[in-house]
Amino acid sequence: MLLRDRAVAERKGFEETCGPERRLLEIILDIEDPSRRSVLYGPVDQNLRLIRAAFDVRISARNGVLHIIGADGAVEKAARCIESLQRALRTHPVITEELVKTSINQARLGRREDDGDRISVFLPSVRIAPRGLGQREYVEAIRKHDLTFCLGPAGTGKTYLAVAMAVSLLKQSRIKRIVLVRPAVEAGEKLGYLPGDMQAKVNPYLRPLFDAMHDMMSFDQIKRLMRDDVIEVIPLAFMRGRTLNNAAIILDEAQNSTPQQMLMFLTRLGHHSKMIVTGDDSQSDLARVEDSGFVDGVGRLEHLAGVAVVRLARSDIVRHPLVEKVVKAYGEARNDR
């Protein structure tokens with residue numbers, strides 16, 4: 001990587017952007033694998049355009065190198081972002097938009113993803129790490145506490161990171177099993193009778209947990225671990241009377257539990273176990289939101305030693321950019337009522 005200081009006047013148009021008192025910096029980055037530069041740049045240079053917009057810099061590609069020009073701090077962050085993507089290319093077949101946004105967020109925070117951030121799962125090619133301060137606080141809370149509540153809107157990674165941490169603990173042999181739990185409450189629709197055994201009946205409710213897990217281990221591995229009862233999926237109503245030792249227990253969509261169910265669930269925690277309770281208190285499917293055991297439980301327990309409560313915000317949303325706007329629009333409509 002080469003760095004060159006430039007006078008502001010040498011680059012047309014940046015006088016207005018940076019101001020006469022600011023210096024421009026040019027950083028020249030070598031492309032590690034020129035044969036894959038189209039993957040790095042993205043379709044029609046989409047990845048480069050995202051980085052340009054995020055840091056307000058100019059990026060040009062020629063002769064196997066990238067020239068980044070702009071205000072000094074912004075250029076250094078853009079270069080850090082591109083270097084992160086080049087490292088990712090060593091193990092990733094493609095560079096997704098989400099991966100680009102993760103690198104942008106890491107660069108903005110002045111950090112680079114390292115082994116301390118990464119959550120190790122069974123598939124070696126998969127890199128999972130918290131994105132931004134909220135998710136990092138969430139992961140740290142799980143690491144340090146036996147009981148963690150996470151509240152946040154859709155798309156903030158509540159379920160995904162909980163499953164990733166559970167899988168990581170299983171891989172490290174720090175637990176012996178993973179128990180995935182969800183209230184069997186329809187989202188505003190009455191589905192009626194569902195055929196099949198209990199597993200077939202609850203699968204639709206637990207699908208998001210399975211979707212996350214399929215990113216972290218192979219299908220055959222999941223199937224084998226479920227057959228051996230290492231991974232268990234169960235509706236909340238079937239948890240009564242159990243004590244779960246040496247386990248990671250995840251209650252997802254907890255806003256749809258009642259206070260009685262929440263008490264029953266929390267008292268299943270056994271020795272050497274971790275319990276993670278996730279939910280969106282703005283999306284309860286109960287008849288009355290005030291009946292939510294999730295909100296009640298957080299209010300009762302958030303000041304207890306050994307319990308962590310993490311609140312993620314719209315800024316932590318990592319799905320399609322429109323999701324954050326949708327969440328904001330519905331939140332504003334609810335406040336106007």
- Task: Show the numbers, then the answer: is there a side chain to side chain contact (heavy atoms under 4.5 Å, CB included) between V310 and L312?
- Result: CA-CA 6 Å; V310 179; L312 299 178; 4.1 Å; yes

How close do [X] and [Y] get, counting heavy atoms only, and between which atoms?
X: L50; Y: I104; value: O-CD1, 3.9 Å
X: A166; Y: I250; value: CB-CD1, 4.0 Å
X: L263; Y: T267; value: O-OG1, 2.9 Å
X: V57; Y: G70; value: CG1-CA, 4.5 Å
X: V94; Y: V39; value: CA-CG1, 3.9 Å
X: V100; Y: L85; value: CA-CD2, 4.0 Å

Would you check if [X] and [Y] make a side-chain contact, meaning some heavy-atom pair closer than 4.5 Å?
X: I276; Y: L251; result: no
X: D252; Y: L180; result: no
X: V163; Y: I178; result: no
X: I82; Y: L66; result: yes
X: F294; Y: T278; result: no
X: R268; Y: V181; result: no
X: L89; Y: L40; result: yes

- For D215, enumerate each residue passing the side-chain contact (heavy atoms from CB on, under 4.5 Å) test, keeping only those at least two apart in sequence or located in another chain.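 By the side-chain contact (heavy atoms from CB on, under 4.5 Å) rule, D215 matches Y160.
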
- Task: Output all residues satisfying side-chain contact (heavy atoms from CB on, under 4.5 Å) with L269, sequence neighbours left out; order by chain, then residue number.
- Result: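 I249, S273, M275.
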
- Thinking salt bridges, do E83 and R80 make one under a 4.0 Å N-O criterion?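 Looking at R80 together with E83, the answer is no, because their closest N to O distance does not fall below 4.0 Å.
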
Donor-acceptor pair, [X] side chain versus [Y] backbone, under 3.5 Å?
X: N246; Y: I175; value: no
X: R174; Y: L170; value: no
X: Y41; Y: L48; value: no
X: Q172; Y: S168; value: yes
X: T243; Y: G270; value: no
X: K274; Y: R143; value: yes
X: K77; Y: F55; value: no
X: Q86; Y: D30; value: yes
X: S292; Y: Q255; value: yes
X: R58; Y: H67; value: no

- Message: Taking salt bridge (charged side-chain N to carboxylate O under 4.0 Å, His left out) as the cut-off, I'd like each qualifying pair that reaches into residues 294-304, sequence neighbours left out, listed once.
- Response: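 Qualifying pairs, neighbours excluded: D296-R300, E302-R311.
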
- Message: Can you pull out every salt bridge (charged side-chain N to carboxylate O under 4.0 Å, His left out) where at least one residue sits in residues 163-172? Sequence neighbours excluded, please.
- Response: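 Every candidate salt bridge (charged side-chain N to carboxylate O under 4.0 Å, His left out) pair involving residues 163-172 fails, so no pair, neighbours aside, qualifies.
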
- If you round to the nearest 0.5 Å, how far is OG of S84 from CD1 of I95?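 These two atoms lie 8.5 Å from each other.
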
- So, R36 and S38: side-chain donor and acceptor under 3.5 Å apart, yes or no?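 No, no side-chain donor-acceptor pair sits under 3.5 Å.
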
- Task: Would you kindly say whether Q135 and E137 are connected by a side-chain donor-acceptor distance under 3.5 Å?
- Result: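 Result is no, nothing qualifies.
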
- Task: Begin from the C-alpha positions of R62 and S60 and carry the test side chain to side chain donor-acceptor pair (under 3.5 Å) through to its verdict.
- Result: CA-CA 7 Å; R62 57 181 181 271; S60 60; 3.2 Å; yes

- Message: Using a 6.0 Å cut-off, check whether atom NE2 of H272 has over 12 heavy atoms from anything other than its own residue.
- Response: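 Atom NE2 in H272 is not crowded, with 12 or fewer foreign heavy atoms closer than 6.0 Å.
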
- Start with the C-alpha gap between V307 and D146, add the side-chain angles, then the distance that decides, and say whether side chain to side chain contact (heavy atoms under 4.5 Å, CB included) holds. CA-CA 7 Å; V307 177; D146 289 337; over 6 Å; no

Which atom pairs, one a donor and one an acceptor, fall under 3.5 Å between side chains of residues 218-231 and the rest of the protein, sequence neighbours left out?
residue	atom	partner	partner atom	Å
S218	OG	Q221	N	3.1
D229	OD2	R177	NH2	3.4

- Have a look at V277 and tell me which of L151, T148, L147 forms a side chain to side chain contact (heavy atoms under 4.5 Å, CB included) with it.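 With V277 as partner, L151, T148, L147 yield a single side chain to side chain contact (heavy atoms under 4.5 Å, CB included), made by L147.
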
- Task: Go through the structure and list residues passing salt bridge (charged side-chain N to carboxylate O under 4.0 Å, His left out) with R242, not counting sequence neighbours.
- Result: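 R242 satisfies salt bridge (charged side-chain N to carboxylate O under 4.0 Å, His left out) with E232 once adjacent residues are dropped.
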
- Message: As a quick check of understanding, evaluate side chain to side chain contact (heavy atoms under 4.5 Å, CB included) for L266 and L301, giving each step before the final call.
- Response: CA-CA 11 Å; L266 294 175; L301 304 178; 3.5 Å; yes

- Would you sort out whether I234 and M239 count as a side chain to side chain contact (heavy atoms under 4.5 Å, CB included), showing the intermediate values? CA-CA 8 Å; I234 184 170; M239 288 289 286; 3.8 Å; yes

